[in-house]
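Read the structure below first, then the notes.
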Amino acid sequence: MLLKRYFGKDLKNLLLACNDRAQIFEVHALMILSGLFSYGTSTAQLVSSYARVGEIEFARKVFDKLPKRRVNVWNAMIVAYSRNDSPSEVINVYKQMRCEGVKPDSSSFTVSIKACTRLLDFEMGEEIWKTAVECGYGNDIFVGSSVLNMYSKCGKMDEAMGLFEKMPRRDVVCWTAMITGFVQCGRVREAVDVYCQMQREGMEGDRVVMLGLIQALANTGEAKLGRSVHGYLIRNDVPMDVVIQTSLVDMYAKIGELEFAYRVFRQMPNKNVISWSALISGYAQNGFVSNALELFAEMQRYGFQPDLVSILGALLASSQVGRSRLGKSIHGYVMRRLDIDQVLGTALIDMYAKCGSISCAYAMFDRIPCKDLICFNAMIASYGIHGHGKEALSLVIQMIESNIKPDHATFASLLSALSHSGLVKEGQYWFDIMVKEHKIQPGEKHYACLIDLLARAGKVEEAQNLINSMTCEPGLAVWVALLSGCHNYKRFLNGELAAKKVMELNPDNSGIYSLLANFFAAAGKWNEVSEIRKIMKRKGMKKTPGHSVVEVNGQLHAFLMEDKSHPQYEQIVKLLEKLDKEMRAIGYVPKTEFVLHNLEEEVKVRMLCNHSERLAIAFALLNTGPGTKLLITKNLRVCGDCHEATKFISIIVKREIVVRDVKRFHHFKDGLCSCGDYW
DNA sequence: GTAGGGTTAG
């Protein structure tokens with residue numbers, strides 16, 4: 001008795017000071033010798049100390065030997081198992097405790113319910129919760145929050161809300177459980193509501209919850225909610241650190257609010273690489289190419305070394321406008337600083353291919369050590385946009401041989417590649433293989449490719465039959481493919497049905513209306529042309545102005561149609577007039593049917609000469625040395641007459657001219673185009 | 001003798 005009084009407290013401190021098994025063992029021996037062990041003093045501490053130094057088996061042995069075990073000893077064992085990541089043992093001890101008639105307390109319930117959550121054993125959890133209520137712990141905040149967490153983990157948010165509303169006291173853990181629960185099951189709006197309510201009740205905002213919310217908003221794309229949460233942060237002077245602000249930048253970028261992202265970014269007092277990269281990749285992914293590249297340069301001026309994400313963003317941006325010089329310099333930078341893995345390698349393949357160099361793309365592909373599905377798909381798609389159908393096909397065969405399973409994207413790229421090369425038989429054959437051998441259900445995209453393939457080859461009836469046999473409802477892409485085939489082959493009768501279907505589907509894209517208008521113009525149906533114009537006007541659509549860009553000496557130059565604003569416009573026109581004469585001398589005849597308007601022939605010819613791609617070509621010819629390969633990037637399909645003219649220009653100036661239009665690449669050389677006029 | 005919730009962000 002005396003010993004207990006003297007040593008009880010010291011014993012506890014002694015045990016707390018122990019750092020390993022040997023030290024605990026000494027104290028343990030002391031306890032046995034002094035008789036305190038059998039008295040029950042500090043035995044719970046002994047159990048928890050053994051567990052704390054990782055000796056859970058020892059703890060259990062001691063626990064099993066204890067003659068009388070009060071609730072604190074049981075809890076020590078329960079907590080030990082919980083900390084040891086053994087939730088099923090927690091439940092076993094809890095059950096044993098109940099069998100021996102020991103009344104659990106708040107922490108026994110709390111930790112046991114947590115264990116059920118970990119085990120996803122919600123039935124047991126409910127049972128323990130029922131017992132807790134019976135034992136008078138129904139209003140306990142610790143027990144309650146563990147139940148809230150259990151409900152939110154299994155998506156029972158309505159049950160969670162019911163309990164939450166009945167709780168007499170709620171702390172930040174309870175609010176957090178509710179908010180993250182709603183976030184995790186995608187009910188972001190309710191998550192925000194709970195968050196706002198928490199603020200109204202004067203609860204201190206928790207930045208971890210805030211981060212979770214912002215991320216959830218970024219993924220659901222609810223712009224209005226995103227702005228309101230941001231507004232809330234500002235109005236309530238919630239302190240924002242670099243992580244929160246970067247998440248806001250990312251959120252705005254993901255919901256397409258680049259202006260807001262930029263503003264948050266500029267107001268950040270401390271930026272790091274992640275902040276820069278977030279905005280760069282946001283710009284790149286939303287097509288704001290020059291913003292992305294300017295920011296990429298700026299970050300380096302400020303002394304930040306670009307990392308993987310910013311590099312991927314810059315590569316994506318470079319590839320969108322054919323900035324091969326910039327792309328190459330990034331490649332050099334990457335080689336000096338990072339290992340080229342599948343992700344970077346794939347981005348580089350894509351960049352080189354889209355910057356016109358299919359051979360560099362392949363060299364990159366060849367150097368990636370362990371090529372995965374995505375690498376193959378990127379290379380196959382690259383071959384496709386360059387019209388190398390056979391190479392795409394042999395790559396698909398190669399990947400099958402090396403046991404990489406092609407997916408729906410592989411076949412979509414393959415079919416598109418075969419289509420751009422006019423390989424009709426192969427297309428039909430591989431479509432069958434895809435369905436029968438690889439068990440891939442053809443989607444609209446695959447059908448559209450095959451129909452495109454047939455229609456491009458002039459097999460309009462076969463394309464029509466395929467549409468009739470489709471298992472899914474033919475959509476816009478399918479009818480557009482048929483329509484453009486009919487347009488190219490002047491199959492006006494078949495085309496009219498396709499045109500009608502296209503119009504029925506009420507597309508929201510001005511490019512498609514341009515196709516319709518072009519089709520009717522080619523058919524000489526000027527009434528329909530003006531009808532289309534009316535629809536476009538009613539819908540508030542404008543024909544996307546054609547523009548072309550060309551990189552000359554590392555600088556990007558953009559041209560609009562009839563772009564007289566350019567400082568070298570006079571020289572450009574002079575060169576085009578000179579070329580026009582030489583072209584006509586070797587057989588060029590302007591294809592005025594490509595001019596939409598119902599105008600005089602001579603005016604049409606002049607308009608053709610002013611197409612943006614021609615201005616860009618002339619400009620590039622004027623400003624580069626003889627023999628330099630040119631790369632022009634156009635935002636629309638290249639016009640049929642310009643296509644013809646560029647062939648002649650390639651003869652006259654003895655240059656390789658690469659034109660990338662919105663669909664694919666055209667390599668003009670010695671009077672021929674790589675697309676073989678399948679386009 | 002203690003407990004309930006998550007770690008950063010692209």
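Each chain gets a letter, A, B and so on, in the order the sequences are listed, and its residues count up from 1.
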* Asked: Any luck finding a side-chain donor-acceptor pair between A:Arg263 and A:Tyr252 under 3.5 Å?
  -> no
* Asked: Heavy-atom contacts under 4.0 Å between residues 136-152 of chain A and DNA chain B, which residues?
  -> A:Ile141, A:Phe142, A:Ser145, A:Asn149
* Asked: Less than 4.0 Å between a side-chain N and a carboxylate O, is that true for A:Glu551 and A:Arg325?
  -> no
* Between A:Asp158 and A:Arg187, does at least one N-O distance fall below 4.0 Å, as a salt bridge requires? -> yes
* **pair A:Leu248-A:Met240: side-chain heavy atoms closer than 4.5 Å** => yes
* Ring centres of A:Phe365 and A:Phe376 under 6.0 Å apart? -> yes
* To do: Kindly state which residues belonging to residues 72-101 of chain A come within less than 4.0 angstrom of DNA chain B, counting heavy atoms of the residue only, listed by number.
  => A:Asn72, A:Asn75, A:Arg83
* Does anything in residues 307-322 of chain A pair up under side-chain hydrogen bond (donor to acceptor under 3.5 Å, both in side chains), and if so which pairs, sequence neighbours excluded? -> A:Ser277-A:Asp307, A:Ser277-A:Ser310, A:Asp307-A:Ser310
* With heavy atoms under 4.0 Å as the rule, sort A:Gln215 into base, sugar-phosphate or nothing. => sugar-phosphate
* Are side-chain N/O atoms of A:Asp407 and A:Asn377 paired as donor and acceptor at under 3.5 Å? -> yes
* Asked: Base, sugar-phosphate alone, or nothing: which one does A:Ser108 contact when heavy atoms must sit under 4.0 Å apart?
  -> nothing
* To do: Answer yes or no: is there an ion pair linking A:Asp64 with A:Arg60, defined by an N-O contact shorter than 4.0 Å?
  => yes
* Under 3.5 Å, side chain of A:Ser82 to main-chain N/O of A:Ile78, donor-acceptor pair present? -> no
* **Pair A:Trp175 and A:Phe164, ring centroids less than 6.0 Å apart** => yes
* Checking all strands, does A:Val111 fall into the base, sugar-phosphate, or nothing category for heavy-atom contacts under 4.0 angstrom? -> sugar-phosphate
* Could you check which residues of residues 271-281 of chain A get a heavy atom under 4.0 Å from DNA chain B? Sort them by number, please. => A:Asn272, A:Ile274, A:Ser277, A:Ala278
* Donor-acceptor pair between A:Thr110 and A:Ser146 side chains, under 3.5 angstrom -> no
* Touch class at under 4.0 angstrom, heavy-atom based, for A:Ser247 against every strand present -> sugar-phosphate
* To do: Under 4.0 Å between any heavy atoms, over every strand shown, what does A:Asp241 touch: base, sugar-phosphate, or nothing? Just pick one.
  => nothing
* Verify whether one side chain among A:Tyr94 and A:Glu89 offers a donor that lies under 3.5 Å from an acceptor in the other. => no
* Asked: Under a criterion of less than 4.0 angstrom to any heavy atom of chain A, what are the 5'-terminal and 3'-terminal contacting nucleotides of DNA chain B?
  -> B:dG1 to B:dG10
* Apply side chain to side chain contact (heavy atoms under 4.5 Å, CB included) to A:Glu298 and list each qualifying residue two or more places apart in sequence or on a separate chain. => A:Arg266, A:Trp276, A:Leu295, A:Arg301, A:Tyr302
